[in-house]
**Q** 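Mind looking over this structure? Questions follow.
It should be emphasised that the depicted structure is a prediction, and the values quoted were computed from it without experimental measurement.
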Amino acid sequence: MSADNDIDKQLCLAVKQAVAEAAPLRLRGADTKAFYGRTSEGQSLDLRGHSGVVSYEPSELVITARAGTPLADLESALAAEGQMLGFEPPHFGEGATLGGAIACGFSGPRRPYAGSVRDFVLGARIINGRGELLQFGGQVMKNVAGYDVSRLSVGAMGTLGVITEVSMKVLPIPAREATVRFSMSASQAIQRMNQWAGQPLPTSATCYHDGALHVRVSGSAKGVDAAIVTLEGELTDDGATFWHSVKEHHHVFFTDDRSLWRISVPQATPPLPIDGEWLIEWGGGQRWLKTDAPSDVLRKQVESVGGHATLFRGGDRSGEVFHPLPPRLFSLHRNLKNAFDPQRLFNPGRLYRDL
Amino acid sequence: MMDNLATRATEDFVHAGYDIDAAAILFCELDGTPEEVDDDVERVKEVLEHSGCTNMRVAKDEQERQLFWSGRKAAFPAAGRLAPDYYCIDGTIPRKKIGYVLTRIAELGQEYGLRIANVFHAGDGNLHPLILYDGNQPGEFERTEEVGAKILELSVEVGGTITGEHGVGVEKIDQMCVQFEAPELSQFHALKNAFDPDNLLNPGKAVPTLSRCAEFGAMHVHKGELKFPHLERF
């Protein structure tokens, strides 16, 4: 279990010093997600010293923890009470922290069926670019007082402020999970996943790769047994290992050196005509692609079906790795950055070149 | 959940067979496949039996399910039968505080000489106290607003928020000064400015100015601490 260390005053001082010196900061935890986003220069501000669960009451289904708390510690504290983070965050390495998962906005296989990381965030404490420690949202299930800054910070790659503490809704661990497997083509798989999405099935994950579709169902014992019968697939016994490998990118698909793209499209979109190797998740909504195709050609294809493409791993990290924004939308992003971090101190350029 | 006052008002209206002697009624709806719902019904029964429930009914079919809900869905119009006017608020609190806050609301109602019915989303801790009043009686509306404000401040005090789903326009704007500190309010203004630099969209709503909070703070000193001490008083 991580130490209970509250260093928010030091963190505020560090930010104020950066303000005084106009010296950019590179916010970091264990650097398990350093591969993600654009390269960004700055003095390292390590958040791992700010750690520990601040409050956790299982009967409230809410946990509040400091940003530097290792995800593994958080998950074991929850598991001890039969609970879990519903968005199933990938760690992508030893020591991954809560702050990193929130700032990157990463969700795992359960995302389309349980909700995304943003959906589970109830509140946050954030240090803005003036070195002020601010609190937004709260620890209650519903809250519409003031603008929703906590959720705005999810996926902002630390560009809007230093997230120091997060309150999240948690879920009970399902009584039973099972994984069934099917052999079929990619287009059949996309069709089937979308048909099932319209039925009252306790689906909690879907993944298609290389002729095989895996479907996980989670819920009560009787509910899962009934779903296995309805789905009519081949029951596998290594489901937990399989989903862990997909979530953490240990699956064989992810183990080569080509650039890895994350393509987000409407779920029912048929397979895209882009050369490369594909792994499809989230009922068709999240598609991983390994390809040597040029980024402009690829992005045009993805845009034509209403999606966007992120250069997830590898490739040129000094170019735009997130899908370029239309000029007006980009100017809103720039205004937002100015509103929180007028001196551009936090992770400059990590999200977009000019942010 | 509906408290006794709300239950009596709705039972008169919809005849759903509610227990009008119960201090409160809790509705619990479960969804999923038939197999899942069967499992969950057993678990909920067990929890309620161990939580002091005095009477439990499980809807036997869709028609009865609709009947159970009919009272909850008609609760607001039914409250209109109890008094010429009512004022609904929306504070949200940690669920474990529901009992304490309902007791405090009843006490506040007595203190202000107003009846308050409660019909709310218990699973979210999202309260909807309905303060019953008569707008034709001089001073009643003002007392209603004041007790409403007290209930919202109580919601913040127990770790909750002044609004769970209805939002802040003009009415609850002073309570924003209780829930947020000056730097947070300034951050909201900066955020609004990012989208609306000329302040054309609903100016003056949703987020109070710091001077408004200073004026409000001069009236309500919270726990003996003066809010925004650095601001000039008017």
**Q** Could you look at B:Lys192 and say if it's the side chain, the backbone, both or neither that has a heavy atom under 4.5 Å from chain A?
**A**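 When you check distances to chain A, atoms from both the backbone and side chain of B:Lys192 fall under 4.5 Å.
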**Q** Within the 4.5 Å heavy-atom criterion, are A:Lys222 and B:Glu36 side-chain neighbours or not?
**A** no
**Q** With a 4.5 angstrom heavy-atom cut-off, could you sort out which part of A:Gln135 is near chain B: side chain, backbone, both or neither?
**A** both
**Q** Taking every non-hydrogen pair under 4.5 Å, which of B:Asp31, B:Thr92, B:Val37 racks up the most with chain A?
**A**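 Of the options given, most contacts go to B:Thr92.
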**Q** Taking the side chain as C-beta and beyond, is there a heavy-atom pair between A:Leu61 and B:Arg95 under 4.5 Å?
**A** yes
**Q** Examine whether an atom of A:Asn143 lies under 4.5 Å from a heavy atom of chain B, and if so say whether it belongs to the side chain, the backbone or both; otherwise answer neither.
**A**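 For A:Asn143, backbone and side chain are both near chain B.
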**Q** So that I can tick it off, tell me whether B:Lys96 and A:Glu60 are bridged by a salt bridge, with the cut-off set at under 4.0 angstrom between side-chain N and carboxylate O.
**A**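 No.
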**Q** B:Asp124 versus chain A, heavy atoms under 4.5 Å apart: side chain, backbone, both or neither?
**A**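 Both parts, heavy atoms under 4.5 Å.
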**Q** Let's test your reading of the structure: which of B:Met176, B:His189, B:Glu184, B:Glu35 forms the most heavy-atom pairs below 4.5 Å with chain A?
**A**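 Of the options given, most contacts go to B:Glu184.
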**Q** At a heavy-atom separation under 4.5 Å, does A:Val144 approach chain B through its side chain, its backbone, both, or neither?
**A**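 Both parts, heavy atoms under 4.5 Å.
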**Q** For A:Ile126, which atoms come within 4.5 Å of any heavy atom of chain B: side chain, backbone, both, or neither?
**A** neither
**Q** Go through the atoms of B:His166 and report whether side chain, backbone, both or neither lie under 4.5 Å from a heavy atom of chain A.
**A** backbone
**Q** Step by step, work out the side chain to side chain contact (heavy atoms under 4.5 Å, CB included) result for B:His121 and A:Met141.
**A** CA-CA 11 Å; B:His121 314 288; A:Met141 290 300 137; over 6 Å; no
**Q** Any side-chain heavy-atom pair from A:Tyr147 and B:Phe195 closer than 4.5 angstrom?
**A** no
**Q** Between B:Asp90, B:Thr33, B:Leu191, which residue shows the highest count of heavy-atom pairs closer than 4.5 Å to chain A?
**A** B:Leu191
**Q** What part of A:Arg334 lies closer than 4.5 angstrom to a heavy atom of chain B: side chain, backbone, both or neither?
**A**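 The answer is neither part of A:Arg334.
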**Q** Between A:Val224 and chain B, which part of the residue has a heavy atom less than 4.5 Å away: side chain, backbone, both or neither?
**A** neither
